[in-house]
J.: 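After the structure tokens below, expect a handful of questions from me.
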2 protein chains.
Amino acid sequence: MPRRSPTRADQLRRALEEDIFAGTLKPGDRLDEQSLAHRFEVSRTPVREALRQLSASGLVEVRPRQGAVVSVITLPRLVEMFEVMAELEAMCARLAARRMSDKERADLKRFVDECEDFEKKTDLEGYYAANKVFHDAIYDGSHNEVLADMTRSLHRRTAPYRRHQLNRPGRISESLSEHKEVVDAILAYDADQAGRLMARHVNVQGDVFTDFISTLPTGYVA
Amino acid sequence: MPRRSPTRADQLRRALEEDIFAGTLKPGDRLDEQSLAHRFEVSRTPVREALRQLSASGLVEVRPRQGAVVSVITLPRLVEMFEVMAELEAMCARLAARRMSDKERADLKRFVDECEDFEKKTDLEGYYAANKVFHDAIYDGSHNEVLADMTRSLHRRTAPYRRHQLNRPGRISESLSEHKEVVDAILAYDADQAGRLMARHVNVQGDVFTDFISTLPTGYVA
DNA sequence: AGGCTGCTTGATGTATACAAGTTGGGTCAC
DNA sequence: GTGACCCAACTTGTATACATCAAGCAGCCT
């Protein structure tokens, strides 16, 4: 088995992604090549490559001769993203209901149980992570890697914004019960129902947009 | 108005895309940085950036320390891509039926008429181009740029493969009549019908896969 | 004879140097 | 005081040089 040697550009990309997801880097923040190079103790070359990769995935925006900034998503764009997300995640759920193996179904059930544990402990950070695992399991359960990749990509792009939304009072327990419904449909091999419920689960996040927006720090949306 | 200055890396990316779509560069072909640098009379740096961009869009595959090759899509992967394409294009059509302006609808009708002209002239190359314009109009008609971009991206990734398929005898006139049906539904504001028909239009390409595969040169699929 | 080890070669990854464009501030004219 | 213009510093885009690693081959050991 050929040993994988992650290049510095790759490590950097991951580090920057982490910073963006964690909120250390906020939308609109400038990404100066020299500073980053100095901070990570590499030259500008791998920094540039990392920035281009992030640009390709939509997390940062690079304008020629003007440098890179963490993507500031306009409000209409954000609405669009949720509209597509709902459809893609619904498709994942539909396919998962039809294609998941018994083991995958058992794992899925376990994941949602873990979500419940964190909900009971009101551990926001934990729930956030468990939520991601849950959704990932459904993406993979579609047994369509192209679909899974695309959905994951959108999930990541909306991550900096979605994060703030779970702060909304009561949203977590709502989210959890929606998860349970989706899982029940999947375990019952009811593809259409699973898709419908998942679409609603994602769309709820869009429907409460007015509330949602008000929870965002200024500068997050253009 | 600040004059846009496309960087050399951008120009290069576009040139390589063209070569890939036109078939000058075939799946599996090696992309040597030095040769490309010499051929386009630039240094390796912009070549590298172009390759990374193409890698991000999925058209080429870059493995650390092993160089870049035009992506060779495995057969299961190709099936997956068509499965997602059908869903995305259907969504575009659904939204287009609801959201297209009168002008956009008029244009769409015109585009499909142009397709018909090329079909009558049995101009394969012309039909291929007109077909692209037609689909693009529907993507944009969804009035969801995120969706349009994602769909276009998948369309491009499958382009090297789809191209060979129109050679199948009778496929063009089939394709044309499917186009007409979709347009009729859109003009009638019938979103569900438009979505169904479009999904079928795309899926036909997947359903006849056994025929399709046999038309591909060896080496195209792994 | 077959397979493994080490070198050789050539490519890619990274660093640095140079060129070109953009931004910001300061000065001058009005 | 305000506006425009110009210059300078800084940032990014590109080129080139150096370091590092992966395939290929030759020779040796088993």
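Residue numbers start from 1 in every chain, and the chains themselves are labelled A, B, ... in the order their sequence lines are given, proteins ahead of strands. These numbers come from a predicted model, not from an experiment.
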J.: Does the pair A:Asp149/B:Arg157 count as a salt bridge with the N-to-O cut at 4.0 Å?
T.: no

J.: From CG of B:Leu31 over to P of C:dG10, roughly how many Å is that when rounded to an integer?
T.: 20 Å

J.: Would you mind telling me which of D:dT11, C:dA11, C:dT14 lies closest to the side-chain atoms of A:Arg30?
T.: D:dT11

J.: In whole Å, what is the span from the CG atom of B:Leu12 to the P atom of D:dG13?
T.: 15 Å

J.: Looking at A:Arg14 and A:Asp10, is any side-chain nitrogen of the basic one under 4.0 Å from a carboxylate oxygen of the acidic one?
T.: no

J.: Under 4.0 Å between a Lys/Arg side-chain N and an Asp/Glu carboxylate O for B:Glu83 and A:Arg99?
T.: yes

J.: For B:Arg63 and D:dC21, give me the distance from atom CZ to atom P, rounded to whole Å.
T.: 18 Å

J.: Nearest to the side chain of B:Arg65, heavy atoms from C-beta on, is which of D:dT16, C:dT22, C:dG13?
T.: C:dG13

J.: Expressed in angstrom and rounded to an integer, what is the separation of B:Glu33 atom CD from D:dT16 atom P?
T.: 15 Å

J.: Quick one, A:Tyr139 and A:His155 - any side-chain contact, counting heavy atoms below 4.5 Å?
T.: yes

J.: Roughly how many Å is it from CZ in B:Arg48 to P in D:dT16, rounded to a whole number?
T.: 16 Å

J.: Expressed in angstrom and rounded to an integer, what is the separation of B:Phe40 atom CZ from D:dT14 atom P?
T.: 14 Å

J.: Nearest to the side chain of B:Arg8, which nucleotide is it out of D:dA15, C:dA11, C:dA15?
T.: D:dA15

J.: Do the rings of B:His135 and B:His179 sit parallel, tilted or perpendicular, given the 30° and 60° boundaries?
T.: perpendicular

J.: Just how far, in rounded Å, is C1' of D:dT14 from CD of A:Glu49?
T.: 14 Å

J.: Just the rounded figure in Å: distance from P of D:dC18 to CZ of A:Arg44.
T.: 20 Å

J.: Is A:Arg52 close enough to D:dT12 that one of its side-chain N or O atoms is under 4.0 Å from OP1 or OP2 there?
T.: no

J.: Whether B:Gln34 contacts C:dT12 is assessed here as follows: a side-chain N or O lying under 4.0 Å from the phosphate OP1 or OP2. Is that the case?
T.: no

J.: If the cut-off is 4.0 Å, is A:Gln66 near the phosphate of D:dT11, judged by side-chain N/O to OP1 or OP2?
T.: no

J.: I want to check one thing: is the phosphate of D:dT14, taken as OP1 and OP2, less than 4.0 Å away from some side-chain N or O of B:Thr45?
T.: no

